[in-house]
Structure formats: structure tokens, C-alpha cells
Amino acid sequence: MQPIVTLTMNPALDVSTSVDEVVSKHKLRCSGARFDPGGGGVNVARVIERLGGAATALYALGGPMGEVYRGLLEAELDGAQAIEIGGNTRQSFNVNEDSTGKEYRFVLEGPEWQETEWQAALERIEEALSEGGYLVMSGSLPEGVPDDFTARVARLAKQKGARCVVDASGASLEAALDEGVFLVKPNKRELRDLTGAGLDSREEQEDVIRRIVDEAGSEVVALSLGAEGALFASSEGVFHVAAPEVEARSAVGAGDSFVAALVSRLADGGSLGDAGRYAVAAGAAALLSGGTEMCRAEDVERLYPKLSS
Ligand SMILES: Nc1ncnc2c1ncn2[C@@H]1O[C@H](COP(=O)(O)OP(=O)(O)OP(=O)(O)O)[C@@H](O)[C@H]1O
Ligand SMILES: [Mg+2]
């Protein structure tokens, strides 16, 4: 298996709980809380580990909340490496309203970075990259980090011969495509915002992602389509994988589970076709787990053989 490094610049300590009804002014007595070390890249590394692979999670950490985060992460994942910063790691607060089944997600503001901090982060990323290995960048960029940070990381990956995988939106996604990366995984909304295309028909979706590959923005594009599965483009062509029908409990973690399965299968030497089916199975499996839980390996292995492309 080729080594995989995941990068999380703006992790969040996920606090999840439930309450019968969300009402203003009253004290809302919640049920027991669950604490998870969240954030795109960290989630991807946790799922890769669950699926039997290994990934090094490089993640930012700071302040007292950062120490709590570190403790939770180290209990679950071996070999995670912290990039220490001055600000306090952020939190996100997820509340399930039992009487309606609604999910409320409050995301607190993260710390603001200093230039010396993001420059030091680039050095740590460079050290962690290896030829033929994968670097997965996932999640938002914190305040203070420049918009071209993703492009700088993509450039470092190219220089080292590593494969950069980007799951981001807006300026980060645009920078990645301008610089040229190995793989991008937008969802429909993210690609629509970037290109201005409506993307309502399969034909238009295929045209847009084929063009990204032709223009060398990305060697592989994985356009995830929620309940409709995903569409993949590479120099070999375009193919679609339909998602299995599942009883959705919570959509949280579908994108991260998808990316984790895709990269772990590719890093294992699997074909894009196999990796694509595995990714769609993992995305759907994430819906079977409640709350902020990501996919479980047994659900992925059960769904995967049923898929075709
Ligand atoms: N309702 C669903 N039924 C079956 N599979 C689903 C459903 N929603 C998502 N998936 C699976 O998960 C994958 C990723 O989902 P989606 O396209 O919603 O990603 P995303 O918008 O990036 O998610 P996230 O909000 O986690 O970042 C899909 O390609 C599909 O395989
Ligand atoms: Mg996503």
C-alpha cells in the first residue's frame, strides 16, 4: 500500500447530544454527550484505519481545547501528528431534536493563524510527503491562511511526486484545479458554484468533469451526487456508479467516508473502477450510522459487491 497522509488545517472537537425539543429561553436538558475528534482529513484517516488501511493524520492543534482533541484522537488513531498553533482548537455542537428528528449543527469560529504558523505547516507537510504517496486535503482553511495555500500544497506534492487529493470548495478547490492535482471530489453544489454550470443533466455533468481532466486541472474527478451515487472522469473515460438504496439515519460523514474508501483502494493498487464502487459503498454506509458516526467496515463490505459501474 502506498503511504497516505491526510491534512486537517481547521479541525473541530465535535460535541453531539440530543434533546426532546429545541426551544428558546429554557434550559435544555440534554442527554449524554459524545465527543469526537472531527474535521475532514482526520475523519478520512479514521475511516481508512477502520477499513483496514493506515494513514498519517497531520492536523492543527492549539490551546486547552486542542489538548482535549489530542487525547480523543490518540485514543483512536495511531501516528497522528499535530501542527501546534497559538489559537484554541474550535468546537462544533450537534443537537438532535428527538421529537422531530431534526439535526441542528452549530459550528464555532476557529482560531486565526499567523503567517509564521502556516509557513511552518507547509514545512511539516513537505516533510510528510513521499514519492508515489497520497496527500488528502479535506475541510475548510482557517482564518489567516492565504487563499493560495491549497495551490502551495499542490505544488509541494508535485515536486515530491506525491498525489494530491482535494476535497474542498470555493477558492481552495479553484486553486487546486489551477495548479493541477491528482484528484478532486466536489459535490454537485461545489462544482456548480465553481463553474456556473447548472449540472442538472448527466450529459452536462459528464462534459464538465471531462473538461477538467482534458485541461489538466485534475487527473481524476469524482463528482459525488448524493443519493444518485457518483460520476468519475479520468483519461480513460467517464463512468457512473449508482448508490445503493439505504435507510438514511444521518448524512453526516458521507463525503469523508467516500474519500477515505476511494483513496485507500487506489493506494492499494486498485483500479479506478473498483475504487469508485468502494467509495460509493462507503458513502452510502455512512448514512446507516447515526449522528456524527462515519461508515462501519461491515456495512461497506456488504454493500460493495452489489454495485456495478
Ligand atoms: N441518500 C443517499 N443514498 C445513498 N448513498 C448516498 C446518499 N447520500 C450520499 N450517498 C453516498 O455518499 C457519497 C457522498 O455523498 P455526497 O455527494 O452527499 O457528498 P458531500 O456532499 O461531499 O457530503 P458531505 O456533506 O459529507 O461533505 C455519494 O456519492 C453516495 O455514494
Ligand atoms: Mg463534502
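This chain uses plain numbering: 1 for the first residue, then up along the sequence. Indexing begins at 1, ligand by ligand and atom by atom, following the structure's order. Please read all numbers here as calculations on a predicted model, not as lab measurements.
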With sequence neighbours excluded, residues passing ring-ring contact (aromatic ring centres under 6.0 Å, His included) with Phe35: none
Residue pairs, two or more places apart or on separate chains, that pass ring pair (Phe, Tyr, Trp, His ring centres under 6.0 Å) and touch residues 61-106: Tyr59-Tyr69
Region of Leu287 that comes within reach of ligand 1 [heavy atoms, distance under 4.0 Å]: side chain
Close side-chain approach of Leu262 and Tyr278, heavy atoms under 4.5 Å: no
Side chain, backbone, both or neither: the part of Lys185 lying under 4.0 Å from ligand 1 by heavy atom: side chain
Closest candidate by heavy atom, reference atom 8 (N) of ligand 1, pool Ser257, Gly226, Gly283, Ala254: Gly226
Residue pair Asp14 / Ser92, side-chain donor-acceptor N/O under 3.5 Å: yes
Polar contact flag, side-chain donor to acceptor under 3.5 angstrom, Gln119-Thr116: no
Numbered atoms and elements of ligand 1 in range of Ala243, under 4.0 angstrom, heavy atoms: 4 (C), 5 (N)
Atoms of ligand 1, numbered as shown, that sit under 4.0 Å from any heavy atom of Phe258: 13 (C), 29 (O)
Per-atom contacts, ligand 1 versus Pro244 - under 4.0 Å to a heavy atom: 4 (C)
Under-4.0 Å protein heavy-atom contact, atom 25 (O) of ligand 1: no
